[in-house]
Asker: 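Below is the structure I would like to discuss, written out as structure tokens.
Everything quoted here is computed from the prediction, not taken from an experiment. Numbering of ligands and ligand atoms starts at 1, following listing order.
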Amino acid sequence: MRTNIVAGNWKMNKIFEEADDLIANIADFVRNNELENTAVIICPPSLYIELATDLAQETELYVGAQNLSNYESGAYTGEISAAMLESMGVDYCIIGHSERRKYFKESHEVLAEKVNIALKYNVTPIFCCGELLPEREAAQHFDIVKTQLEQSVFHLKEGDFKNLVIAYEPVWAIGTGVTASPDQAQEMHKYIRGLINDKYGKETAESSSILYGGSCNANNAKELFANPDVDGGLIGGASLKADEFIKIIQSI
Ligand code: PGA
């Protein structure tokens with residue numbers, strides 16, 4: 001049985017006191033509720049990772065980073081390495097988010113390097129893929145997602161691929177309030193699972209968690225998560241309020 005995952009991507013939000021409050025509330029919920037076969041992950045800005053790992057101690061709440069360097073260590077001002085994340089108890093890292101592709105010009109090659117170095121240091125990549133609106137309108141969305149996977153994760157050996165989470169995030173749905181319909185999400189998730197099946201076989205395909213991201217909130221999560229190939233969500237805006245994020249966790 002594959003793991004259901006609800007992950008919060010805080011992006012560049014929250015000052016210290018707000019972060020402290022939000023993490024504490026989520027940690028309390030996770031501590032006091034039995035969440036069967038579901039992993040809850042928060043990905044705060046890196047500055048708050050120690051705060052998060054402290055508050056998440058002795059709970060089933062996992063901490064992820066939003067980014068890591070493709071370099072191992074050394075003179076890379078401003079960067080954070082996979083080894084540093086591992087040493088701080090970080091279990092996951094978002095890689096390939098469309099905002100990093102767009103604003104930081106991260107290429108397929110750089111993303112493949114980030115995936116490799118994360119896995120080397122036992123940090124599980126949450127690898128994001130997804131098409132732009134014009135690409136969907138031109139019916140290229142399947143090809144775009146296939147290329148993103150082929151270029152940045154399908155070089156992995158099966159054993160490594162098993163330590164990867166995929167997030168399908170149609171770019172037109174991110175932060176826009178426009179969500180993919182449950183049918184659109186299921187269609188793409190099924191397609192992705194089919195690609196994994198072709199590359200790595202049935203067992204790996206069936207055990208891979210594929211998350212949906214893009215304006216997922218407390219009102220639409222249940223319907224999205226009800227699809228057989230949607231194993232949870234990567235939540236942006238709606239992960240910034242404890243009560244809303246908790247409702248999404250309860251929708252799984
Ligand atoms: P959103 O962001 O939920 O605010 O659309 C999702 C994401 O970018 O991961």
Asker: Starting from atom 4 (O) of ligand 1, which protein heavy atom do you reach first, and at what distance in Å?
Answerer: Gly237 N, 2.8 Å
Asker: What do you reckon, does Gly236 have a nitrogen or oxygen under 3.5 Å from a nitrogen or oxygen of ligand 1?
Answerer: yes
Asker: With atoms numbered from 1 as shown, which atoms in ligand 1 lie under 4.0 angstrom from a non-hydrogen atom of His97?
Answerer: 7 (C), 8 (O), 9 (O)
Asker: Please state whether Gly213 comes within less than 4.0 angstrom of ligand 1, counting heavy atoms only.
Answerer: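 No.
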Asker: Would you call Glu203 and Lys162 a salt bridge, taking side-chain N to carboxylate O under 4.0 Å as the test?
Answerer: yes
Asker: Heavy-atom distance under 4.5 Å between the side chains of Leu68 and Val90, does that happen here?
Answerer: no
Asker: Considering distance alone, does some N or O of Glu169 sit under 3.5 Å from an N or O of ligand 1?
Answerer: yes
Asker: Quick one: does ligand 1 sit under 4.0 Å from the side chain of Ile174, the backbone, both or neither, non-hydrogen atoms only?
Answerer: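 Both backbone and side chain.
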Asker: Does the N or O separation between Gly175 and ligand 1 drop below 3.5 Å for any pair?
Answerer: yes
Asker: Tell me whether ligand 1 is touched by Cys128 - counting only heavy atoms on the residue side and a distance under 4.0 Å.
Answerer: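 False for this residue.
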Asker: Strictly by salt bridge (charged side-chain N to carboxylate O under 4.0 Å, His left out), give each pair with a member in residues 28-40 just once, sequence neighbours left out.
Answerer: Asp28-Arg31
Asker: Is a side-chain donor or acceptor of Arg100 paired with a backbone partner of Asn67 at a separation under 3.5 angstrom?
Answerer: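 Not at all, since once roles are kept as given, no pair shorter than 3.5 Å links the two residues.
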Asker: Does the distance from a Lys or Arg side-chain N to an Asp or Glu carboxylate O, for Glu106 and Lys114, drop under 4.0 Å?
Answerer: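 Answer for the salt bridge query: yes.
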Asker: Quick one: sort the Tyr212 and His189 rings into parallel, tilted or perpendicular, breaks at 30° and 60°.
Answerer: tilted
